[in-house]
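Beneath this line is the structure, given in structure tokens, with notes to follow.
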There are 2 protein chains.
Amino acid sequence: MSKTFLFMDTVVNKVDSKGRVSLPSDYRSIVKELSTEIVCYRSLTSPCIEGCPEELLEKLASDMESSLDFFSQEQDDLTNLIFGDAKRFAFDSTGRIVLTEKLLKHAEITDTAVFVGKGRKFQIWNPENWAKEEARIRAEVLKKRPSLKLPAGAQA
Amino acid sequence: MSKTFLFMDTVVNKVDSKGRVSLPSDYRSIVKELSTEIVCYRSLTSPCIEGCPEELLEKLASDMESSLDFFSQEQDDLTNLIFGDAKRFAFDSTGRIVLTEKLLKHAEITDTAVFVGKGRKFQIWNPENWAKEEARIRAEVLKKRPSLKLPAGAQA
DNA sequence: CTAATGTTTATGGTATATCATGGGAATTTA
DNA sequence: TAAATTCCCATGATATACCATAAACATTAG
């Protein structure tokens, strides 16, 4: 199979007036092993953009084919939404992509974008929204796992 | 899969003004069997940095990859938290990595770092914090000793 | 048992390559 | 033809690779 690739880390980049934004170099070197483009779509659950190599969506599609209809109806609807929304974005020689108005609006991004690694995929956030979301997630995770408490004052 | 590797021992190294620090040679020789880089992230439970080979996170990603979990909220949160924080660190020919400000701050490390082996992964501590933590752990273990039974067949 | 020697490891400094980003030219679309 | 989009080059900032020195360690000879 292909090399291991994981999108990691959180990177802040600028978005210029044309909607151009640099894909973090780490992300690029991952994608380049496969192609020179990524797929982006509006997150179904959050005010952010999701991105991934096309391979991931292919896998999603083939998994849908082989799963039982009985259980997959709801997911079938969701995949329709994703595939209906997804679009390929090629990055140029300097490593930038041009995000569409639709995506930027959904994520409420104007001049700054935060790239957040998610393993096989990544997300693009408005800085303030991401700050809130990260805080929410940390609180949520700590609540669900009382044993995971940080020592007082040790929070990031 | 891969050979089994164990990070062991406790090693103290200096951190220079740029955040550069030598990965202990024992650790390096372990990692080198696979690649020339490791992954580091802020510990969820302690004021320290955790490190491991990328393979460890690979497995986590593989689990998330299955389409059945593609839309799960909890996994969504977890991947954001873990992969959003983790970062790959390549060490150069002299065996050093450059830790980021975010990681150093979380672990309260300024000019000295303590590497603590933890088996499949390792931790990086501020010296004073590690001294306290080690004392705490020892006290804890002694207190709980009567109930420290291994599952049958799970002995080292 | 001690001293000398060679080898690996840690650390400091500097040069180089890479990356993010802005501006503008060329090309396409309406 | 006007507007928008894509492509290409320039630049400053940053991070990485490289070289040199110093310290720790192990080995071997005396």
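Below, read A as the first sequence line, B as the second, and so on, with proteins coming before strands; counting in each chain starts at 1. Remember, it's a predicted structure, so these values are computed and weren't measured experimentally.
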DNA chain C contacts among residues 7-16 of chain B, heavy-atom distance under 4.0 Å: B:N13, B:K14, B:D16
message: How would you summarise protein contacts on nucleotides 23-30 of chain C per nucleotide, using B for base, S for sugar-phosphate only and - for none, with heavy-atom distances below 4.0 Å?
response: BB------
- request: Determine whether A:V15 and A:V12 fall in the same hydrophobic cluster, where Ile, Leu, Val, Met, Phe, Trp and Tyr are linked whenever their side-chain heavy atoms lie under 4.5 Å apart.
  value: no
query: What nucleic acid atoms does B:S93 come within less than 4.0 Å of, heavy atoms only: base, sugar-phosphate, or nothing?
result: nothing
query: Given that B:V98 and B:T94 both sit by DNA chain D, which one's nearest nucleotide is further toward the 5' end?
result: B:V98
Transitive ILVMFWY cluster of B:L56, excluding itself - 4.5 Å side-chain cut-off: none
statement: Taking five pairs at each terminus, the helix from C:dC1-D:dG30 to C:dA30-D:dT1 shows an axis bend, to 10°, of 40°
- line: First and last nt of DNA chain D near chain B, cut-off under 4.0 Å to heavy atoms, 5' to 3', are D:dA17 to D:dC19
field: Atom-to-atom span, CG of B:D111 to P of C:dT11 - whole angstrom
entry: 11 Å
- prompt: Just to confirm, is there a sub-4.0 Å distance from OP1 or OP2 of C:dA10 to any side-chain nitrogen or oxygen of B:R28?
  reply: yes
message: In this structure, how many angstroms lie between the P atom of C:dT21 and the CD1 atom of A:I97, rounded?
response: 13 Å
query: Under a 4.5 Å side-chain heavy-atom rule over Ile, Leu, Val, Met, Phe, Trp and Tyr, are A:I49 and A:V114 clustered together?
result: no
message: Any carboxylate oxygen within less than 4.0 angstrom of a Lys/Arg side-chain nitrogen, looking at B:E108 and B:K132?
response: no
message: Hydrophobic clusters here meaning ILVMFWY residues chained together by side-chain heavy-atom distances under 4.5 Å, can you tell me if A:V98 and A:F91 are in one?
response: no
- prompt: Can you pull the ring pair (Phe, Tyr, Trp, His ring centres under 6.0 Å) pairs that have at least one residue in residues 116-141 of chain B, sequence neighbours excluded?
  reply: B:F7-B:F122, B:Y27-B:F122, B:W125-B:W130
task: Calculate, to the nearest 0.5 Å, the distance between atoms CG and CD1 belonging to A:L6 and B:I82 respectively.
output: 11.5 Å
message: Below the 4.0 Å mark, does C:dT9 have OP1 or OP2 next to a side-chain nitrogen or oxygen of B:S25?
response: yes
query: Within this structure, what is the CZ-to-C1' distance between A:F115 and C:dT21, rounded to whole angstrom?
result: 13 Å
task: Mind checking the CD1-CG spacing from B:I109 to B:N129? Nearest 0.5 Å is all I need.
output: 9.0 Å
Heavy-atom pair with the smallest gap, counting every atom of A:S46 and A:E133: OG-OE2, 4.5 Å
task: Indicate yes or no: does A:E37 engage A:K32 in a salt bridge with an N to O separation below 4.0 Å.
output: no
- prompt: Salt bridge or not for A:D92 and A:R20, using N-O below 4.0 Å?
  reply: no
message: Measuring from atom CD of B:E54 to atom NZ of B:K59, what distance do you get when rounded to the nearest 0.5 angstrom?
response: 15.5 Å
message: Using whole Å, what does the distance between atom P of nucleotide C:dT11 and atom CG of B:D92 come to?
response: 13 Å
Electrostatic pair A:K102:A:D85 at N-O distance under 4.0 angstrom: yes
